[in-house]
*Asks:* 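Before I ask anything, here is the structure I am working with.
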Amino acid sequence: MIKNKLKSLNVRPQKSKGQNFLYDLEAIRSIVSFGEPTADDKIVEIGPGLGALTAELLNVVHDITVIEIEEEFCNELKVKFGERVKIINQDVTNVDIPGEDILLYGNLPYSRSSDIIQWVIKLKNIKRAVFLLQKEFSERIAASPGTKAYGSLTVAVSLWCKATLGPIVTGDKFHPKANVRSQVLRLDFFKEPKVSFTPNFERVVRGSFNQRRKKLFNSLLSSGFLREEIEHALKFSGIDGGRRAETLTTEEFGRLAEGFAK
Ligand code: SAM
């Protein structure tokens, strides 16, 4: 079915655009319901493809905008949904999402997961995001301190939202078949950042994880911070420079970043 549709649109699924299409209705429904949409929600869907998730979302809500990079899919969605869906034919990371308190959905192109997550956390008008991602990637975002999966992206996301893991979707539920497992990630955005935000937060976090296996002090040193400023920031925050970055909580990173700013 999907195969024939792609053929008639003359589109060959591209790996670089993450073009694997979900066809399993149960999986699609589990993604939709994990985001708990209600009739009044304003939904923006990233990468609707042939509209599998869109059709299911339309059973619950009526305000839907979709953003899709592939022009042929946009034309197809227009035929399929008519005026019921607003369609933006662009790379999502170049779009200013319209509206307030938006509920974002997306079975994301996995090659762009990292960019899209980093772009999403900078938006100020999202209340919740529900994404299907490669399982390991979702786990990375939802990881707890002290675990192997915990890293700079985990901390960057944790400043702006609470991450919860949802249903797992196996590769055979897609066409073409995906050779990895996927897992839903739900991000509930805070009204304010979790800790007082200083603009250097991301730089400090990235610097701390620069050399994961090294101690915090050395990792920061190797990423270009000066010895004196590191000593000052550690003293200000009361954090032992002999610890490893993966043991620090978001709150501790917040204090550390504040220490660098003062
Ligand atoms: N939602 C559909 C489904 O579940 O079957 C398709 C999901 S497929 C994994 C990812 C979709 O994102 C494709 O339709 C692809 O063309 C689109 N896409 C890829 N990169 C994009 C980008 N930068 N901006 C918007 N859409 C993109």
Side-chain angles (χ1 to χ4, degrees), residues 18-61 63-67 92 97 101-121 123 125-151 153-175 177-191 194 250:
Q19 290 174 334
N20 299 78
F21 303 88
L22 251 184
Y23 62 82
D24 185 273
L25 197 55
E26 208 178 303
I28 294 167
R29 287 189 173 146
S30 73
I31 298 168
V32 169
S33 65
F34 196 68
E36 299 179 285
T38 58
D40 298 333
D41 275 324
K42 294 183 241 7
I43 291 198
V44 174
E45 187 193 343
I46 301 171
L50 298 169
L53 218 58
T54 325
E56 211 43 44
L57 286 165
L58 276 168
N59 286 334
V60 188
V61 294
D63 190 338
I64 302 191
T65 301
V66 299
I67 306 168
V92 69
I97 302 277
D101 277 336
I102 301 298
L103 174 48
L104 270 183
Y105 269 91
N107 171 9
L108 297 187
Y110 295 170
S111 52
R112 299 290 307 275
S113 302
S114 213
D115 304 350
I116 294 177
I117 292 286
Q118 287 181 62
W119 163 81
V120 162
I121 58 173
L123 301 175
N125 53 349
I126 309 299
K127 74 166 179 182
R128 190 179 308 141
V130 182
F131 294 143
L132 187 66
L133 296 153
Q134 185 168 339
K135 186 170 178 290
E136 291 72 15
F137 189 85
S138 284
E139 286 171 347
R140 225 172 101 195
I141 303 296
S144 306
T147 62
K148 222 170 146 193
Y150 187 74
L153 196 55
T154 320
V155 179
V157 171
S158 72
L159 182 65
W160 302 106
C161 24
K162 175 175 178 285
T164 316
L165 291 173
I168 293 171
V169 181
T170 50
D172 57 341
K173 308 286 192 291
F174 296 85
H175 175 84
K177 216 171 177 173
N179 47 17
V180 293
R181 282 196 299 168
S182 305
Q183 186 160 21
V184 179
L185 177 76
R186 171 171 162 161
L187 301 174
D188 286 283
F189 283 68
F190 306 134
K191 291 267 176 252
K194 189 169 180 182
T250 313

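Since this is a predicted model, take the numbers as computed values, not measurements. Start at 1 with the first residue, then count along the sequence.
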*Asks:* Are Arg128 and Asp188 ion-paired here, with the side-chain N under 4.0 Å from a carboxylate O?
*Replies:*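 A salt bridge is present here (some side-chain N lies under 4.0 Å from a carboxylate O).
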*Asks:* Begin with the C-alpha distance, continue with both residues' side-chain angles, and end with the deciding distance and a verdict on side-chain contact (heavy atoms from CB on, under 4.5 Å) for Cys161 and Ile121.
*Replies:* CA-CA 8 Å; Cys161 24; Ile121 58 173; 4.2 Å; yes
*Asks:* If you compare all heavy atoms of Ile67 against all heavy atoms of Pro48, which two are closest, and at what distance to 0.1 Å?
*Replies:*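 Nearest pair, atom of Ile67 first, then Pro48: O-CD, 3.3 Å.
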*Asks:* Supply the atom-to-atom distance Ser182 OG to Ile168 CD1, rounded to the nearest 0.5 angstrom.
*Replies:* 10.0 Å
*Asks:* What are the two closest heavy atoms between Tyr150 and Gly146, and how far apart are they?
*Replies:*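 Looks like CD2-N, 4.3 Å.
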*Asks:* What is the minimum heavy-atom distance between Ala149 and Glu139, and which atoms define it?
*Replies:* CB-O, 4.2 Å
*Asks:* Taking Lys42 as the fixed residue, which of Val61, Leu103, Thr65, Ile102 is the one that meets the side chain to side chain contact (heavy atoms under 4.5 Å, CB included) rule?
*Replies:*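 Passing option: Ile102.
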*Asks:* Of all heavy-atom pairs between Val60 and Pro37, which one has the smallest distance, and what is that distance?
*Replies:*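 Nearest heavy atoms, Val60 then Pro37: CG1-O, 3.6 Å.
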*Asks:* So that I can tick it off, tell me whether Glu136 and Arg140 are bridged by a salt bridge, with the cut-off set at under 4.0 angstrom between side-chain N and carboxylate O.
*Replies:*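 Between Glu136 and Arg140 there is no salt bridge, as every charged N stays at least 4.0 Å from the carboxylate O atoms.
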*Asks:* When you compare the side chain of Phe174 with that of Val169, does any pair of heavy atoms fall below 4.5 Å?
*Replies:*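 Yes - at least one pair of side-chain heavy atoms lies under 4.5 Å apart.
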*Asks:* Might you work through the side-chain contact (heavy atoms from CB on, under 4.5 Å) test for Phe137 and Leu153, ending with a clear yes or no?
*Replies:* CA-CA 10 Å; Phe137 189 85; Leu153 196 55; 3.7 Å; yes
*Asks:* We want to know whether Thr170 and Lys173 form a side-chain donor-acceptor pair, criterion being a heavy-atom distance below 3.5 angstrom.
*Replies:* yes
*Asks:* Quick one, Leu104 and Phe131 - any side-chain contact, counting heavy atoms below 4.5 Å?
*Replies:* yes
*Asks:* How close do Leu165 and Gln183 get, heavy atom to heavy atom, and via which atoms?
*Replies:*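 Closest heavy-atom pair between Leu165 and Gln183: CB-NE2, 3.7 Å.
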*Asks:* Should Trp119 and Ile97 count as side-chain neighbours, where that means a heavy-atom distance under 4.5 Å?
*Replies:* yes
*Asks:* Measure the shortest side-chain to side-chain distance between Ile31 and Asn107 over non-hydrogen atoms and say whether it is less than 4.5 angstrom.
*Replies:* no
*Asks:* State, to 0.1 Å, how close Leu132 and Tyr110 come at their nearest heavy-atom pair, and which atoms those are.
*Replies:*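 Smallest interatomic distance, heavy atoms only, reads O-CE2, 3.4 Å.
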*Asks:* Assess whether side-chain contact (heavy atoms from CB on, under 4.5 Å) is satisfied between Ile126 and Trp160, documenting all intermediate values.
*Replies:* CA-CA 10 Å; Ile126 309 299; Trp160 302 106; over 6 Å; no
